[in-house]
*Asks:* 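One structure coming up, written as structure tokens, with questions to follow.
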Amino acid sequence: MTTSRPFLFLSARPEEDAVTPEYEAMLAATGLGAAELLHHRLDVDALPALPLDGFAGVIVGGSPYNITQLSERKSATQLRVEHDLARLADWAVAADFPVLFTCYGIGMLTQCQGGVVGTEYGEEAGPVTVTLTADGRADPLLAGLESSFSALVGHKEATSVLPASATLLATSEACPVQIYRVGTNVYATQFHPEVLPHDFIARAHVYKEHGYFPAHALDEVAARLAASVVTEPPKIMTRFVERFSTVR
């Protein structure tokens, strides 16, 4: 896919063996080439100066960082990443600039918008059924998707109180906030819209000791992932690019 301006992918994973596979999954899901989806590692370098008008849109990836962790237990790198993502979230909402926050990113947007992030709705790594709300079925990014579909998750925290500014677009049985929108162009997903089962199996091997599932259950988790069928989430990535690839 050719775009008038590149998109920017912001990653926040300090694990070297997870960084490139996440970027490659983003490239595959969006249909973009490396020159069309530029990769910036927030764990290595600070966020580029705002505004980001040279980009068509921004995609924020996941991270093992947890917003609910006590500040005194966060590393200097994590604190800087959170500061940068908070700046991005505040600017994007104010400018109504196209940004798609995924997994860890949804927590940053929730916190910046006055919602609450808690640990009561964490989900073990694996497939879940996501159901669109009426607003979700009418949303231009999601309209036409199956009203219920399988998506891949793995998170210890989630939005427990939706920001007043947000429109809830999708939910699941164990996690009430799976997708929401702020304004017209800022989106956030709790699940990982870029990954297919084989991507998530590889990621599970990297994070088997991080508490997303019991380490001894890795084979069981991998088998559950391998048996899952994920069709709709990558369409969200493709649609995000298609919708915002024209000059604003």
*Asks:* What distance do Met26 atom CE and Glu22 atom CD have between them, rounded to the nearest 0.5 Å?
*Replies:* 5.0 Å
*Asks:* Taking Glu124 first and then Arg224, would you say they form a salt bridge - that is, a charged N and a carboxylate O separated by under 4.0 Å?
*Replies:* yes
*Asks:* Between OG of Ser228 and CD1 of Ile201, what distance do you get to the nearest 0.5 Å?
*Replies:* 7.5 Å
*Asks:* Consider only side-chain heavy atoms of I, L, V, M, F, W and Y, link residues closer than 4.5 Å, and tell whether Phe101 and Val161 are in one cluster.
*Replies:* no
*Asks:* Under 3.5 Å, side chain of Glu194 to main-chain N/O of Ala25, donor-acceptor pair present?
*Replies:* no
*Asks:* So Phe55 and Arg5, do their side chains get closer than 4.5 Å, heavy atoms only?
*Replies:* no
*Asks:* Might you work through the side-chain contact (heavy atoms from CB on, under 4.5 Å) test for Tyr121 and Thr159, ending with a clear yes or no?
*Replies:* CA-CA 8 Å; Tyr121 298 122; Thr159 298; over 6 Å; no
*Asks:* Going from CG on Leu162 to OG1 on Thr167, what distance comes out if it is rounded to the nearest 0.5 angstrom?
*Replies:* 8.0 Å
*Asks:* Between His39 and Val19, is any pair of side-chain heavy atoms under 4.5 Å apart?
*Replies:* yes
*Asks:* State, to 0.1 Å, how close Ser148 and Thr129 come at their nearest heavy-atom pair, and which atoms those are.
*Replies:* CB-CG2, 4.1 Å
*Asks:* Check the pair Asp84 / Arg80 against side-chain contact (heavy atoms from CB on, under 4.5 Å), numbers first and verdict last.
*Replies:* CA-CA 6 Å; Asp84 280 351; Arg80 179 175 55 75; 4.0 Å; yes
*Asks:* Tell me yes or no: between the side chains of Tyr212 and Glu123, is some donor less than 3.5 Å from an acceptor?
*Replies:* no
*Asks:* Would you name the heavy atoms of Gly62 and His192 that are closest together and state the gap between them?
*Replies:* CA-CE1, 4.4 Å
*Asks:* Check the hydrophobic clustering (I, L, V, M, F, W, Y; side-chain heavy atoms under 4.5 Å; chains of links allowed) and say if Val195 and Phe7 are grouped together.
*Replies:* no
*Asks:* Closest heavy-atom contact between Leu132 and Ala170?
*Replies:* CD2-CB, 3.9 Å
*Asks:* Any side-chain to backbone donor/acceptor pair from Gln78 onto Glu82? Under 3.5 Å, distance only.
*Replies:* no
*Asks:* Carefully, step by step, assess Leu145 and Lys235 under the rule side-chain contact (heavy atoms from CB on, under 4.5 Å).
*Replies:* CA-CA 8 Å; Leu145 296 184; Lys235 295 178 183 178; 3.8 Å; yes
*Asks:* Looking at side-chain heavy atoms only, is the closest gap between Thr131 and Phe149 below 4.5 Å?
*Replies:* no
*Asks:* Do you know the tightest heavy-atom contact between Arg41 and Ser11?
*Replies:* CG-OG, 3.5 Å
*Asks:* Look up atom NE2 in His155 and atom SG in Cys103, then write down how far apart they are to the nearest 0.5 Å.
*Replies:* 6.5 Å
*Asks:* Can you tell me if Asp96 uses its side chain to pair, donor with acceptor, with the backbone of Gly183 under 3.5 Å?
*Replies:* no
*Asks:* Tyr180 side chain to Pro163 main-chain N or O, any donor-acceptor pair under 3.5 Å?
*Replies:* no
*Asks:* Any chance the side chains of Asp139 and Tyr187 put a donor and an acceptor closer than 3.5 Å?
*Replies:* yes
*Asks:* Residues in side chain to side chain contact (heavy atoms under 4.5 Å, CB included) with Val58, at least two apart?
*Replies:* Leu8, Leu10, Leu52, Val60, Leu88, Phe97, Val99
*Asks:* Using the side-chain contact (heavy atoms from CB on, under 4.5 Å) rule, pick out the option among Leu141, Leu32, Thr30, Leu27 that qualifies with Met237.
*Replies:* Thr30
*Asks:* Assert yes or no for the condition that the ring centre distance of His40 to Phe9 is strictly below 6.0 Å.
*Replies:* no
*Asks:* Taking all non-hydrogen atoms of both residues into account, name the closest pair between Ala125 and Phe213 and its distance.
*Replies:* CB-CD2, 3.7 Å
*Asks:* Would you say that Val130 contacts Phe191 through its side chain, given a criterion of any heavy-atom pair below 4.5 Å between the two side chains?
*Replies:* yes
*Asks:* What's the separation between atom CG in Asp90 and atom CD in Gln113, rounded to the nearest 0.5 Å?
*Replies:* 7.0 Å
*Asks:* Run Arg243 and Asn185 through side-chain contact (heavy atoms from CB on, under 4.5 Å) and show every step you take.
*Replies:* CA-CA 10 Å; Arg243 182 179 173 197; Asn185 298 324; 3.5 Å; yes
*Asks:* Do Arg203 and Arg13 make a side-chain contact, defined as non-hydrogen atoms from C-beta onward lying under 4.5 Å apart?
*Replies:* yes
*Asks:* Is it possible for you to say whether Leu47 and Tyr104 belong to one hydrophobic cluster, with membership spreading through side-chain heavy-atom contacts below 4.5 Å?
*Replies:* yes
*Asks:* Would you say the side chains of Tyr65 and Ser75 form a donor-acceptor pair under 3.5 Å?
*Replies:* no
*Asks:* Considering non-hydrogen atoms only, spot the tightest contact between Ala89 and Leu109 and give its length.
*Replies:* CB-CD1, 3.9 Å
*Asks:* Tell me whether Ile179 shares a hydrophobic cluster with Val128, the cluster being built from Ile, Leu, Val, Met, Phe, Trp, Tyr side chains joined at under 4.5 Å.
*Replies:* yes
*Asks:* Do Pro197 and Val230 make a side-chain contact, defined as non-hydrogen atoms from C-beta onward lying under 4.5 Å apart?
*Replies:* yes
*Asks:* Is the shortest heavy-atom distance from the side chain of Glu15 to the side chain of His210 under 4.5 Å?
*Replies:* yes
*Asks:* Does Ser165 use its side chain to pair, donor to acceptor, with the backbone of Val182 at less than 3.5 Å?
*Replies:* no
*Asks:* Taking atom CD of Gln178 and atom OG of Ser172, what is their separation to the nearest 0.5 Å?
*Replies:* 4.0 Å
*Asks:* Might you confirm whether atom NZ of Lys74 has over 12 heavy atoms from other residues, nucleotides or ligands at distances under 6.0 Å?
*Replies:* yes
*Asks:* For a side-chain hydrogen bond (donor to acceptor under 3.5 Å, both in side chains) with Thr68, tell me which candidate from Glu157, Lys156, Gln111 qualifies.
*Replies:* Glu157
*Asks:* Would you mind reporting whether Asp199 and Pro21 have side-chain heavy atoms less than 4.5 Å apart?
*Replies:* no
*Asks:* Using a cut-off of 6.0 Å, state whether more than 12 heavy atoms not belonging to Glu120 lie near its atom CD.
*Replies:* yes
*Asks:* Leu152, Leu169: one ILVMFWY side-chain cluster at the under-4.5 Å cut-off?
*Replies:* no
